[in-house]
Structure formats: structure tokens, C-alpha cells
Amino acid sequence: MDLKDYRERIDAIDDQILALFKERMQVSLGIAECKKAQGLPTENPQREAEILEKRRAQAGEELAPYAEALFRCLFTQSKALQDTKR
């Protein structure tokens, strides 16, 4: 495979990531509605810690810190979107 082939693969993967990101953010809006109705705060540190632990384990030792960074970013964006609905 040459550089062009790798870049094409990355572009295709990025398309999938963006589609999943959009879906995740829509689900986050649903979560925001539920939290608002129940009077719950946007942040749930215990839930975030559980997710990070699970995703780090799934990613494997080499990729664990990068997976954690990715999910921390997703949490930040999800909470920001949820806060727009409060």
C-alpha cells in the first residue's frame, strides 16, 4: 500500500467516525432531556470513570492512553451539547 491508499482508507474511516459522532451526539441530547426531567446534573464522574476504565481495557495497553484522551474529548463535547438544552 502506498501513501495515497492509506490516506483513502483514513478518509473512509473518518467518514464513519463522523457518522458515529453525530449519532452519539443525538443520543446525548436524549440523555440531556432525561436528566433535565429528573433534575440530574449534566456531569456524572462515576459513569465517566466506568466508561474510561472499560475503554482503556478494550483498547489494550499500547493504545489505552489515546483511547482515554478520545473519550475524555467525547465527554467534553457531549456535556457541552447537553448544557445547551438545560
Side-chain angles (χ1 to χ4, degrees):
M1 228 190 264
D2 64 12
L3 183 58
K4 181 179 181 284
D5 294 328
Y6 282 118
R7 286 183 174 161
E8 287 174 1
R9 284 186 64 194
I10 287 287
D11 289 344
I13 292 167
D14 287 348
D15 289 342
Q16 293 173 17
I17 290 170
L18 184 56
L20 290 170
F21 174 73
K22 290 169 63 176
E23 182 179 350
R24 189 182 199 284
M25 296 302 274
Q26 286 300 311
V27 172
S28 289
L29 290 174
I31 290 170
E33 290 176 16
C34 288
K35 286 179 176 180
K36 184 177 180 180
Q38 296 175 28
L40 297 172
T42 300
E43 291 206 36
N44 184 340
Q46 181 179 351
R47 169 87 172 130
E48 290 179 20
E50 290 168 0
I51 293 168
L52 289 175
E53 182 179 330
K54 178 180 178 180
R55 300 307 177 195
R56 286 177 60 88
Q58 288 176 319
E61 187 176 338
E62 182 179 2
L63 296 178
Y66 306 104
E68 180 174 341
L70 170 64
F71 279 88
R72 286 189 185 278
C73 180
L74 288 171
F75 296 159
T76 298
Q77 299 310 309
S78 293
K79 290 183 287 190
L81 181 62
Q82 287 179 18
D83 284 341
T84 67
K85 300 301 177 184
R86 290 199 160 261

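Counting begins at 1 with the first residue of the sequence. Basis for what follows: all heavy atoms, side chains included, without hydrogens, waters or symmetry-related copies.
Taking CZ of F75 as the reference point, atom CD of E68 lies at 9.0 Å (rounded to 0.5 Å). To the nearest 0.5 Å, atom CE of residue M25 and atom CD of residue Q82 are 8.5 Å apart. A distance of 10.0 Å separates CG of L3 from CD of E8, quoted to the nearest 0.5 Å. Note: L29 CG to C34 SG = 11.5 Å, rounded to the nearest 0.5 Å. To the nearest 0.5 Å, atoms CG (D5) and CG (D2) are separated by 4.0 Å. Rounded to the nearest 0.5 Å, atoms CD1 (I31) and CG (L40) are 11.5 Å apart.
Note: the hydrophobic cluster containing L70 does not contain Y66 (ILVMFWY, side chain heavy atoms under 4.5 Å, direct or indirect links). Residues V27 and L18 do not share a hydrophobic cluster, defined by chaining ILVMFWY side chains whose heavy atoms lie under 4.5 Å apart. Under a hydrophobic clustering in which Ile, Leu, Val, Met, Phe, Trp and Tyr are joined whenever their side-chain heavy atoms come within less than 4.5 Å, directly or via other members, I17 and Y6 fall into different clusters. Linking Ile, Leu, Val, Met, Phe, Trp and Tyr residues whenever their side-chain heavy atoms come within less than 4.5 Å places F21 and L52 in a single cluster.
In this structure, R9 places its CZ atom where only 12 or fewer heavy-atom neighbours from other residues, nucleotides or ligands lie under 6.0 Å away.
Applying the side chain to side chain donor-acceptor pair (under 3.5 Å) test between Q58 and each of R56, K54, R55 identifies R55 as the sole match.
Sequence neighbours left out, the pairs with a member in residues 30-51 that pass salt bridge (charged side-chain N to carboxylate O under 4.0 Å, His left out) are E43-K79, E48-K79.
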